[in-house]
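Only one structure is covered here, and it is reproduced in the block below.
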Amino acid sequence: MHRQSSLLLPTERQAPADAEAISHKLMVRAGLIRQVGSGLWSWLPAGWRVHERVVAIVREEMDAIGGQELLMPVLVPAEPWKRSGRYGIDELFKLRDRRDAELVLSMTHEEVVTTHVAQIVRSYRDLPLILYHFQTKERDEPRPRAGVLRTREFIMKDSYTFDRDAAGLEEGYRRHIAAYDRIFDRTGLEWYRVESDVGMMGGLGAHEYMAPCPAGENEVALAPGYAANVEVASAQARPVAELRLEGELHTPGMTTIEAVATHLGVDTGNLLKAFPVVTETRGLVTVFVRGDHRINDIKLRNALGEPFRPAEADELRGPAGFLGPTGTGVEVYDEAVTPGRYVAGANRPDYHVVVEVPGGERIDVRAVQPGDLVDGHPITVEPAIELANIFKLGTRYSEPLRATYLDEEGREQLVWMGSYGIGPARIAAAAVEQFADEHGIAWPRSIAPWDVHVVALGQEGELAAAQALGADIEAAGLSVLLDDRPLRPGEKFADAELLGCPLRLTVGRRALESGQAEVQVRRGRESRDGIPLQGGAPAVVELWRSLP
RNA sequence: CGGGGAGUGGCGCAGUCUGGUAGCGCACCCGGCUGGGGGCCGGGCGGUCGCAGGUUCAAAUCCUGUCUCCCCGACCA
């Protein structure tokens, strides 16, 4: 049982002036975290308890699918990163030691773990393997933000699967999905799994686990039976009525879709929007999307199969704002541009023209938007925090780092890999975001810093009774924080609600008189029937088990 | 990297425009009164105003440089 009088739990009445996100404000106010520098945070005792409860859940589920825990260093030689091709990543911290040897601070551990496997695994008999660790990751983020939601240093559980082939990878991936689903169910969060882009990890496929909340940095497209990061989401565009206009249209100075559509009295979806880009192998490429749509940079990059940059003004084939199809050069159309007539730029100033867009090849490069349809259902787009990310890497790392094995026929084969990350800090922050109210945090019971907060009002018989009750509850298997501080009730209640333990028991004069501690459930601040001071522990356990 | 904002006791702020040797609330310490939702009274401790240089008789305040932090965007697991 922890006594609050001697606990380092620096609660604050006011949030830091520059904090915006709920979790940032409340985790600081509740005394869980303190800032060291931009994107660098210390976890104070109560906050660390939350973090470690999350870690314990993750560890149990990883062990349950056959994961083997190990530990790899943060500081590692640069050489494997050069071999894997990730040395050039801007977010990678690079440094030199006193002998001028190049080192990096790991942002994930594919290079290291793959190097080990390359040395150790010889035979198909050594596979499959699931290896994982909890380790500090270092990333030179362009913009850390929102408390512990996006930091430059954080602890991640990353696991890696090693299999003989694609079928084995699928099995490892499937197991991780099962484990992660259980982990997030156990954390008590609202969450969903979405399809995602493979990003800097490279590879064959990926999913993310998301927690919806306003502070989220990602956007997720949702429809019944469908959930995808907007980075990769696809949906059917809303239909647009046929265009009635013909020929050339005088549109003086109208360089925006909105201006042209308003002037002509047509739907913005009747317009064609030109998005000229330049790629290394193709040069100038003009991408056309419907006027009411936007380009999704990630989808476009994936569709082109190479990076691109927006074209500069002097690279265009016409005046900016009046670009349209020319029938020459590389011109591609988004999927939502169905064959038919559109208002497009006339490639000369102050004129648009109605063009007939034929059928033909299409690429899916637009950003989905609310109201688009999936299986006939309109999608919604909402912000969410990315809590975990899983990738099918295939041979992305085993090939450059030469992780191979000999099969039954004695042939050398590449190991197939998967990579699976999860961020305990973000899980904690997401829980704060999702369940806080105007009084403070309301932890899910599985990750609260303590299961029960026993608040003693008064320093004599009340404190002795509270302590005895707390001891009984601990003996029954729950963790207890005892507020034994000589403060006024208001301050103690306010601190308890700020900290957010799921169950609060109050032992004051009334309790001594009635023989029952008062009970408040933090989520909803609901009062419940009193708990006997003597022999009440089983009832506390039962009540606690019923909480979210 | 682009745009915006901020650095003054532990926290939140005023003072800067108009230069004169630092103030308020909370917290903290001591005493007293209180005692079930951040109570009251009295007395205290604590800051060379991010840092460096300059102007001036005099700089938190004016000038130059620099560091740090936050927010929005870009980017990013």
Side-chain angles (χ1 to χ4, degrees), chain A residues 8 10-21 24-25 28-29 31 34-41 86 89-92 106-110 137-147 149-158 196-203 206-210 215-218 229 231 297-298 301 307 309-310 384-391 393 419-423 425-426 438-440 455-460 462 466 483 485-498 504-514 517-518 520 525 527:
Chain A
L8 183 69
T11 57
E12 298 285 349
R13 284 179 86 136
Q14 286 161 311
D18 45 28
E20 290 288 325
H24 182 185
K25 291 179 182 171
V28 172
R29 282 193 57 209
R34 278 287 163 108
Q35 185 165 23
V36 176
S38 180
L40 301 170
W41 292 83
R86 293 209 299 170
I89 293 173
D90 288 336
E91 282 71 27
L92 183 65
S106 294
M107 46 200 299
T108 60
H109 280 77
E110 279 81 1
K137 308 296 171 184
E138 308 282 353
R139 298 186 186 179
D140 193 0
E141 285 293 336
R143 189 157 100 78
R145 61 175 290 273
L149 275 184
R150 180 165 217 85
T151 56
R152 294 196 290 175
E153 174 177 298
F154 60 98
I155 291 172
M156 180 164 90
K157 186 289 296 176
D158 40 326
S196 71
D197 187 56
V198 294
M200 73 166 184
M201 309 293 298
H207 287 85
E208 291 165 334
Y209 285 78
M210 296 284 199
E217 302 184 276
N218 294 86
N229 193 317
E231 290 174 351
D297 288 358
I298 292 171
R301 187 196 66 204
R309 62 172 173 83
I385 300 176
E386 180 188 332
L387 303 174
N389 210 326
I390 59 179
F391 298 88
L393 295 174
S419 160
Y420 315 83
I422 193 164
R426 282 193 176 175
E438 63 273 29
H439 300 279
V455 177
L457 304 180
Q459 289 297 293
E460 319 245 320
E462 295 93 340
D483 190 351
R485 299 172 303 169
L487 298 178
R488 303 176 63 80
E491 292 174 76
K492 303 180 107 175
F493 293 146
D495 274 350
E497 283 165 7
L498 185 56
R504 186 183 85 201
L505 305 181
T506 304
V507 181
R509 181 168 298 155
R510 290 177 202 162
L512 292 188
E513 284 164 4
S514 67
E518 287 126 285
Q520 190 212 56
R525 298 174 79 223
S527 290

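Predicted, not measured: the structure shown is a model, and the values here were computed from it. Labels below follow one simple rule: chain letters A, B, ... track the order of the sequence lines, proteins then strands, and each chain is numbered from 1.
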With sugar-phosphate meaning primed atoms plus P, OP1 and OP2, does [X] contact a base, only sugar-phosphate, or nothing at under 4.0 Å between heavy atoms?
| X | value |
| --- | --- |
| A:Asn229 | nothing |
| A:Ala15 | sugar-phosphate |
| A:Arg34 | nothing |
| A:Glu12 | sugar-phosphate |

Between the protein and nucleotides 1-6 of chain B, which nitrogen or oxygen pairs are less than 3.5 angstrom apart?
none

[N] [atom2] sits how many Å from [X] [atom1], rounded?
| X | N | atom1 | atom2 | result |
| --- | --- | --- | --- | --- |
| A:Lys492 | B:G35 | NZ | C1' | 11 Å |
| A:Arg86 | B:A77 | CZ | P | 10 Å |
| A:Gln35 | B:C69 | CD | C1' | 7 Å |

For B:C70, does OP1 or OP2 lie under 4.0 Å from any side-chain N or O of A:Ser38?
yes
Under the 3.5 Å rule, do the base of B:G37 and the side chain of A:Glu497 count as making a donor-acceptor pair?
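Result: at least one qualifying N/O pair found.
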Establish whether the base of B:A77 is bridged to the side chain of A:Glu217 by a donor-acceptor pair shorter than 3.5 Å.
no
What residues form a side-chain contact (heavy atoms from CB on, under 4.5 Å) with [X], not counting sequence neighbours?
| X | result |
| --- | --- |
| A:Leu512 | A:Glu462, A:Ala465, A:Leu533 |
| A:Gln35 | A:Trp41 |
| A:Glu138 | A:Val74, A:Phe93, A:Leu105, A:Thr136, A:Glu153 |

Does A:Arg488 have any salt bridge (Lys or Arg N to Asp or Glu O under 4.0 Å) partners at least two apart in sequence or in another chain, and if so, which?
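Result, salt bridge (Lys or Arg N to Asp or Glu O under 4.0 Å) vs A:Arg488: none returned.
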Go through the structure and list residues passing salt bridge (Lys or Arg N to Asp or Glu O under 4.0 Å) with A:Arg34, not counting sequence neighbours.
A:Glu12
What pairs of nitrogen or oxygen atoms, one from the protein and one from nucleotides 24-34 of chain B, lie under 3.5 Å apart?
from	atom 1	to	atom 2	distance (Å)
B:U34	O2	A:Arg488	NH1	2.7

Tell me whether the ring of A:Phe154 lies stacked over the B:A77 base, given a 5.5 Å limit on centroids and a 30° limit on the plane angle.
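A stacking contact exists, since A:Phe154 sits close and nearly parallel to the base ring of B:A77.
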Expressed as a whole number of Å, how far does the C1' atom of B:A58 sit from that of B:G46?
26 Å
When rounded to the nearest Å, what value does the distance between C1' atoms of B:G53 and B:A74 take?
36 Å
How would you list, by chain and number, every residue that makes a side-chain hydrogen bond (donor to acceptor under 3.5 Å, both in side chains) with A:Asp158, sequence neighbours excluded?
A:His133, A:Lys137, A:Tyr160
What residues, two or more places apart in sequence or in another chain, satisfy side-chain hydrogen bond (donor to acceptor under 3.5 Å, both in side chains) together with A:Arg485?
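Expected list: A:Asp483, A:Asp495.
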Steps toward salt bridge (Lys or Arg N to Asp or Glu O under 4.0 Å) verdict (A:Glu20, A:Arg145)
CA-CA 9 Å; A:Glu20 290 288 325; A:Arg145 61 175 290 273; over 6 Å; no
Atom CG in A:Asp140, atom CD1 in A:Ile89: separation rounded to 0.5 Å?
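So the CG of A:Asp140 and the CD1 of A:Ile89 are separated by 12.0 Å.
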